[in-house]
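When reading the values below, keep in mind they use all heavy atoms of this one structure, side chains included, and skip hydrogens, waters and symmetry mates. All ligand and atom numbering here is 1-based and tracks the order in the structure.
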Amino acid sequence: MFTFNISSNIYFGSGVSKDTGRIAADLGLEKVLCIYDPGIKAAGIADHIISSLEASGLTCSEYGAVIPNPDEASIEEAAEAARSTQVDGIVAVGGGSSIDTAKAVNILLTNPSPIRQYEGSDLVCHNTKPLIAIPTTAGTASEATDFTVVTDLVRKKKMVIHGKNCSADIALLDPVLTKKLPPNVTAFTGMDALTHAIEAFLSKAASPISDHHALKGISFIYQNLEQAVKNGDEVEVRSNMMLGSLFAGFAFNSAVLGLVHAIAHPLSAHCGLPHGLANAAVLPYVLSYNAGNASARKKYRQIAAAMGIETAQDSDEEAASRVIKAVAELCKKVKIPPLRETGVAKEDFETIAIDALNEHSFQFNPRKANVQDVMAILKQAY
Ligand SMILES: NC(=O)c1ccc[n+]([C@@H]2O[C@H](COP(=O)([O-])OP(=O)(O)OC[C@H]3O[C@@H](n4cnc5c(N)ncnc54)[C@H](O)[C@@H]3O)[C@@H](O)[C@H]2O)c1
Ligand SMILES: [Zn+2]
């Protein structure tokens, strides 16, 4: 038995963000809150979206103070902005931090605060208002998933809020918006998307449908990320990255993730690492660890094929090591720093390892691990 679900309607294409106003008006919206962060404003993207909304006759208020790895206080502040302006819908524009903030705000518009009570699955009872999500990274795929991630600063934990009423109604993907994404953010967010696809494919909850999307995601991302980092202006490459990220999102929305994300969440919560960097720094070493499980190892041959790597003459072990090597080389090419250069201290390893084993996504990892195993992975990634 398996389930597969995509909640958002997808609009995809170069220039489609110009239609934001028309799409919002078609939903019956008149007064919206536009949610973004200062980087999106500086890149001129927030103004571009607001112009489209206003040109279609909508009234826009703005919340432009989204923070990376958004915490509860920032969600509450943004929710207050939404309540005080009595909006009938939300437009999120930005990376995962902006879209997740918007999803959490939307929950709090029709459900009581605090947001922490919804950590877990299907705990948001009341229907939410229409939400349009416009991603500017490729990326988290938050525009198409039923997850929102909010940091609990007290427990130092990234809370995952999942299920009904946790998605955007419309995912509006315009690759042109990612042209100005700086190389390091392109690399981090692209490695996050690659991790989503690989972890969904190796997940215990994988299905034939999620596998199909995961392998498509791996192909698009692996074959375009280096170019996207080096030549960010090429719209076709950006478009392929955005498609890859979306396919990966389709896959992990149902298949969930694994040990890479289980380690990345405490790395961000304790040490403040950007989400994609935290994933990328440990991905090759978790892949190597998971290849120690014989049934997981058999699946690496299909990952290799999706990457364009020939393995017909190889044993399972050789095919797996080709995948691990290729991912490690990609990390080098797109300049993913080792953990020691990211502000993580070795003294943090034990806490991070203990927390990783309590992460929801760990349950779906194909190989069991203990604290020592995770500490060994962190040492390798250091
Ligand atoms: N909901 C989900 O399914 C899901 C999945 C994975 C990750 N996440 C969460 O998403 C967050 C990370 O999101 P992210 O990696 O997209 O990064 P982000 O949203 O934090 O953005 C990173 C930086 O890039 C800048 N930026 C984004 N797009 C830009 C553009 N086009 N041009 C110029 N600058 C741009 C932003 O201003 C910001 O400074 C984390 O909190 C993570 O936990 C959510
Ligand atoms: Zn992720």
Minimum-distance pair of heavy atoms, taken over all atoms of [X] and [Y]:
{"X": "Ala81", "Y": "Leu33", "result": "C-CD2, 4.4 Å"}
{"X": "Val334", "Y": "Ala187", "result": "O-CB, 3.5 Å"}
{"X": "Asn224", "Y": "Phe220", "result": "ND2-O, 2.8 Å"}
{"X": "Val256", "Y": "Ser203", "result": "O-CB, 4.2 Å"}
{"X": "Pro130", "Y": "Asp169", "result": "CA-OD1, 3.4 Å"}
{"X": "Ile218", "Y": "Ala197", "result": "CG1-CB, 3.6 Å"}

Contact check, His261 vs ligand 1, heavy-atom distance below 4.0 Å
no

Hey, is Pro70 one of the residues with a heavy atom under 4.0 angstrom from ligand 1?
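Yes, Pro70 has heavy atoms under 4.0 Å from ligand 1.
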
Under 4.0 Å from any heavy atom of [X], which atoms of ligand 1 are there?
{"X": "Ile45", "answer": "30 (C), 31 (N)"}
{"X": "Val149", "answer": "43 (O), 44 (C)"}
{"X": "Lys180", "answer": "32 (N), 33 (C)"}
{"X": "Lys158", "answer": "40 (C), 41 (O), 42 (C), 43 (O)"}
{"X": "Thr145", "answer": "1 (N), 2 (C), 3 (O)"}
{"X": "Gly95", "answer": "16 (O), 19 (O)"}
{"X": "Asn69", "answer": "40 (C), 41 (O)"}
{"X": "Thr137", "answer": "16 (O), 27 (C), 28 (N)"}

Between [X] and ligand 1, is there a nitrogen or oxygen pair with a distance under 3.5 Å?
{"X": "Phe147", "value": "yes"}
{"X": "Ala141", "value": "no"}
{"X": "Thr136", "value": "yes"}
{"X": "Thr178", "value": "no"}
{"X": "Thr189", "value": "no"}
{"X": "His196", "value": "no"}
{"X": "Asp100", "value": "yes"}

May I ask you to identify the nearest protein heavy atom to [atom], giving residue, atom name and distance to one decimal place in Å?
{"atom": "atom 18 (P) of ligand 1", "result": "Ser97 OG, 3.4 Å"}
{"atom": "atom 5 (C) of ligand 1", "result": "Thr140 O, 3.5 Å"}
{"atom": "atom 31 (N) of ligand 1", "result": "Leu177 O, 2.9 Å"}

[X] atom [atom1], neighbour heavy-atom count above 12 within 6.0 Å:
{"X": "Gln86", "atom1": "CD", "value": "no"}
{"X": "Lys204", "atom1": "NZ", "value": "yes"}
{"X": "Glu54", "atom1": "CD", "value": "yes"}

Ring center gap for His360 and His261 short of 6.0 angstrom:
no

Proximal heteroatom of Asp192 relative to the Zn ion (ligand 2) (N/O/S):
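For Asp192, the N, O or S atom at the smallest distance from the Zn ion (ligand 2) is OD1.
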
Would you sort out whether Asp88 and Lys129 count as a salt bridge (charged side-chain N to carboxylate O under 4.0 Å, His left out), showing the intermediate values?
CA-CA 7 Å; Asp88 51 22; Lys129 292 182 188 253; over 6 Å; no

Give the contacting part of [X] toward ligand 1: side chain, backbone, both or neither, where contact means a heavy-atom distance below 4.0 Å.
{"X": "Phe252", "value": "side chain"}
{"X": "Val185", "value": "side chain"}
{"X": "Leu181", "value": "both"}
{"X": "Ile40", "value": "both"}
{"X": "Asp37", "value": "side chain"}

Minimum distance, heavy atoms only, to atom 16 (O) of ligand 1: which one of Gly249, Ala104, Gly96 is it?
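Looking at heavy atoms only, the winner is Gly96.
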
His213 vs Phe4 aromatic rings, parallel, tilted or perpendicular, using cut-offs 30° and 60°?
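Answer is parallel, since the angle falls under 30°.
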
May I ask you to decide if the ring planes of Tyr382 and Phe349 are parallel, tilted or perpendicular, using 30° and 60° as cut-offs?
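Tyr382 vs Phe349 ring planes: perpendicular.
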
Using 4.0 Å as the upper bound for N to carboxylate O, is an ion pair formed by Arg83 and Glu80?
yes

Salt bridge between Asp152 and Lys157, side-chain N to carboxylate O under 4.0 Å?
no

Backbone of Asp146 reached by a side-chain donor or acceptor of Asn253 within 3.5 Å
yes

How wide is the angle at the Zn ion (ligand 2) between NE2 of His275 and NE2 of His261, to the nearest 10°?
100°

Test His270 against every option in Asp348, Thr351, Asp355 by the side chain to side chain donor-acceptor pair (under 3.5 Å) rule and name the one that passes.
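Of the listed options, the one satisfying the test is Asp355.
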
Test item: protein heavy atom less than 4.0 Å from atom 33 (C) of ligand 1
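Given the 4.0 Å limit, the answer for atom 33 (C) of ligand 1 is yes, a protein heavy atom qualifies.
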
